[in-house]
Amino acid sequence: DDMVHFVIEAVGGLHLPRLKVNRRGSGSEQFPPKMMLALLIYCYANGIFSSRRIERATWRDVAVRFLTGDTHPDHDTICRFRRENFEAVSEAFLQVLQLARAMGVLKVGTVSVDGTHIKANASKDRNVRYDRAGELDQQLQEDIKDLLEQAERTDQHDDDGGQSIPKEIARREQLREKMQKARWELEQRAQACAVAERGEYEKKVAKRETRTGKRKGPKPKPPKDTPDDHEQINLTDADSRLMRKSKREGYTQSYNAQAAVDADGSQLILSGHVSTCASDANELEPAVRAIPESAGQASAVLADTGYVNTEAFERLEKDGVDLYVSVSRDESQSARRYDYRPKSVTARPLKTVKDPRLLAMQEKLRTEAGRALYALRKQTVEPVFGIIKSVMGFRQFLLRGLEKVSGEWDLMCLAYNVKRLWALRSA
């Protein structure tokens, strides 16, 4: 009754032409690609993520030895296979959803969307500001110049004491390259943001020109295409960001992992993606759009206050999606019969909602049907993250860079879905 039998059966029935295979036929005999994928899925589902720990499990874990046919891929083979097969993982994710639908387990209708911060494989102490990177670049340039002069003096006096100088120069040159690259990447980010904000700026300018007299208001500022001095980047994983869950939490070097979950009973993940932004405000639409058409069409979408974005609401509702998004966090807190927060907080006046679109959403959630439907959110999507983090133990990415991290999150979602599907089948 172990899950390994279900994993082998499920992966064996998938059609995955994009799995990497050595077509040249050179080298040692290859491990079957589907066996390698099943190995990753089973190990991730059981909280074994490191390639070295997976290799160790092929010797020590009976179920893993059964899965691999008592063969033992080394950690380098496992790591390379995981890194090179993200497209196949995405295909497998889609086909597992189709399998769930064929089994009658998945019937997409109501969908819950939420996100969680997962630590990056980088230390927050490796962040450097734009201005500080420039200062260090100058300092390193001067140090390299001094070391070159010192090396020249030792050569003139035939002194053997300068043997370590070339290594010191190389180390500083390498660090200087990192500083220059950090500043360049921050400049690229600023330019990309300026391009993205250009359209909104032009709309504001055009709207201002239609006004007459003193009611024109101040002239909108054009988007800035250079980084501020306080902008920072991580030298280990440049795509990761400093994030914190709330004002009561500390900062961590993390990614924002998103998931859209079936709220009609199966609790399967329908789509997942990774964002480098700590806020969820722009993540609702990508999460809903990423739900595969073959899995079903979302009729109602539930999300918390962090996803409030009136423009995204309009686009989704135009496509027939019925949204239930909490508009005000203060209002949801005030609905509690017993509030544990201090009176200094509860006595504050509630924030008033003025936007007519948000007022309409607020009224929808106040209806009896709206409250009943929205109540499904916390009992469907939040347990999924609880299982992934606390039961399966996935709290930190092993890979670096947004592309690889996104692939690893797809693998994690696939492993969760297989584990959940096995539990539903066994129930």
Side-chain angles (χ1 to χ4, degrees), residues 1-20 32-49 54 63-64 67-68 81-82 84-114 257-274 286-298 380-381 383-385 387-388 391-392 394 405-427:
D1 60 348
D2 192 90
M3 188 178 70
V4 68
H5 302 287
F6 180 75
V7 172
I8 294 172
E9 182 183 356
V11 175
L14 302 179
H15 178 63
L16 302 172
R18 295 190 183 182
L19 279 173
K20 299 289 184 182
K34 284 191 175 181
M35 182 272 283
M36 294 293 293
L37 178 60
L39 174 64
L40 284 176
I41 292 173
Y42 183 80
C43 288
Y44 265 69
N46 286 279
I48 306 173
F49 312 116
I54 295 174
V64 176
L67 188 151
T68 59
F81 179 87
R82 175 174 54 192
E84 293 178 350
N85 284 281
F86 290 142
E87 289 185 4
V89 168
S90 298
E91 289 179 351
F93 177 84
L94 173 59
Q95 292 183 39
V96 166
L97 289 179
Q98 293 171 346
L99 173 63
R101 192 168 187 184
M103 292 170 59
V105 172
L106 179 63
K107 297 177 181 178
V108 178
T110 305
V111 175
S112 298
V113 178
D114 204 356
Q258 299 285 319
V261 175
D262 175 33
D264 286 334
S266 72
Q267 285 187 292
L268 291 170
I269 297 176
L270 304 175
S271 71
H273 70 278
V274 176
V288 175
R289 303 283 188 202
I291 298 174
E293 292 183 3
S294 58
Q297 182 67 36
T380 51
V381 66
V384 171
F385 289 121
I387 292 169
I388 288 174
V391 178
M392 301 169 74
F394 189 78
V405 163
S406 298
E408 189 175 8
W409 180 241
D410 287 344
L411 177 59
M412 189 68 240
C413 292
L414 171 61
Y416 166 84
N417 276 355
V418 172
K419 185 181 182 75
R420 178 62 182 164
L421 195 56
W422 172 70
L424 292 170
R425 184 190 185 192
S426 304

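Given the structure is predicted, the values throughout are model-derived calculations rather than measurements.
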Student: Can you see which heavy atom on G296 is nearest to which on R101, and at what distance?
Tutor: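 Closest pair (atom of G296, atom of R101, distance): N-NH1, 3.4 Å.
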Student: Donor-acceptor pair, Q98 side chain versus S294 backbone, under 3.5 Å?
Tutor: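 Checking the backbone N and O of S294 against the side chain of Q98, no donor-acceptor pair under 3.5 Å is found.
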Student: Work out which heavy atom in I388 is nearest to a heavy atom in M412; give both atom names and the distance.
Tutor: CG2-CG, 4.1 Å
Student: Using modelled atom types only, decide if a donor and an acceptor are shared between the side chain of W422 and the backbone of H5 within a distance under 3.5 Å.
Tutor: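 Side chain of W422 to backbone of H5, a donor-acceptor pair under 3.5 Å: no, none is there.
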Student: Hey, is the main chain of A287 close enough, under 3.5 Å, to the side chain of S271 for a donor-acceptor pair?
Tutor: yes
Student: Answer yes or no: is there a side-chain heavy-atom contact under 4.5 Å between Q267 and P383?
Tutor: yes
Student: Rounded at 0.5 Å granularity, tell me how far CG in L424 sits from NZ in K419.
Tutor: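 Separation between the atoms: 12.5 Å.
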Student: Report the C-alpha separation of M392 and I387 in whole Å, then their side-chain angles, then the decisive distance to 0.1 Å, and conclude whether the side-chain contact (heavy atoms from CB on, under 4.5 Å) test is met.
Tutor: CA-CA 6 Å; M392 301 169 74; I387 292 169; 4.1 Å; yes
Student: Keeping K107 on the side-chain end and G265 on the backbone end, is there a donor-acceptor pair under 3.5 Å?
Tutor: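 Checked: no pair found.
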Student: Show your reasoning for whether side-chain contact (heavy atoms from CB on, under 4.5 Å) applies to V274 and W409.
Tutor: CA-CA 7 Å; V274 176; W409 180 241; 3.6 Å; yes
Student: Would you say the side-chain atoms of K34 pair up with the backbone N or O of G12, donor to acceptor, closer than 3.5 Å?
Tutor: yes
Student: Can you check side-chain contact (heavy atoms from CB on, under 4.5 Å) on L97 and N417, steps first, answer last?
Tutor: CA-CA 8 Å; L97 289 179; N417 276 355; 3.8 Å; yes
Student: Where do V418 and F6 come nearest, in terms of heavy atoms and distance?
Tutor: O-CE2, 3.6 Å
Student: For the CD atom of E91 and the CG atom of D410, what is their distance to the nearest 0.5 Å?
Tutor: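 Rounded to the nearest 0.5 Å, the CD-CG separation comes to 12.0 Å.
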Student: Is it true that R18 and E87 have a side-chain N and a carboxylate O under 4.0 angstrom from each other?
Tutor: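 So R18 pairs with E87 through a salt bridge.
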Student: Is it true that a side-chain atom of R425 and a backbone atom of V105 form a donor plus acceptor pair closer than 3.5 Å?
Tutor: no
Student: Show me the side-chain donor-acceptor pairs of residues 35-49 shorter than 3.5 Å, one per line, residues at least two apart or across chains.
Tutor:
residue, atom, partner, partner atom, Å
Y42, OH, D2, OD2, 3.0
Y44, OH, R82, NH1, 2.9
Y44, OH, E408, OE2, 3.1
N46, ND2, Y42, O, 2.8

Student: Apply side-chain contact (heavy atoms from CB on, under 4.5 Å) to residues L421 and L106 and explain how you reach the verdict.
Tutor: CA-CA 10 Å; L421 195 56; L106 179 63; over 6 Å; no
Student: So, does D264 use its side chain to make a donor-acceptor pair with the main chain of G109 at under 3.5 Å?
Tutor: yes
Student: State the CG-CG distance between N85 and L19, to the nearest 0.5 angstrom.
Tutor: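 If we round to the nearest 0.5 Å, N85:CG and L19:CG are 5.5 Å apart.
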Student: P292 and L270: which non-hydrogen atoms are nearest, and at how many Å?
Tutor: CD-O, 3.3 Å
Student: For D262 and L268, indicate whether the former's side chain and the latter's backbone hold a donor-acceptor pair under 3.5 Å.
Tutor: no
Student: Measure the CG-OG distance between L411 and S90 for me, rounded to the nearest 0.5 Å.
Tutor: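 Separation between the atoms: 10.0 Å.
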Student: Please find the pair of heavy atoms, one from P33 and one from F81, that lie closest to each other, and give the distance.
Tutor: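 Smallest interatomic distance, heavy atoms only, reads O-CZ, 3.4 Å.
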Student: Can you name the nearest heavy-atom pair linking A10 to L99, along with the distance?
Tutor: CB-CD2, 4.4 Å
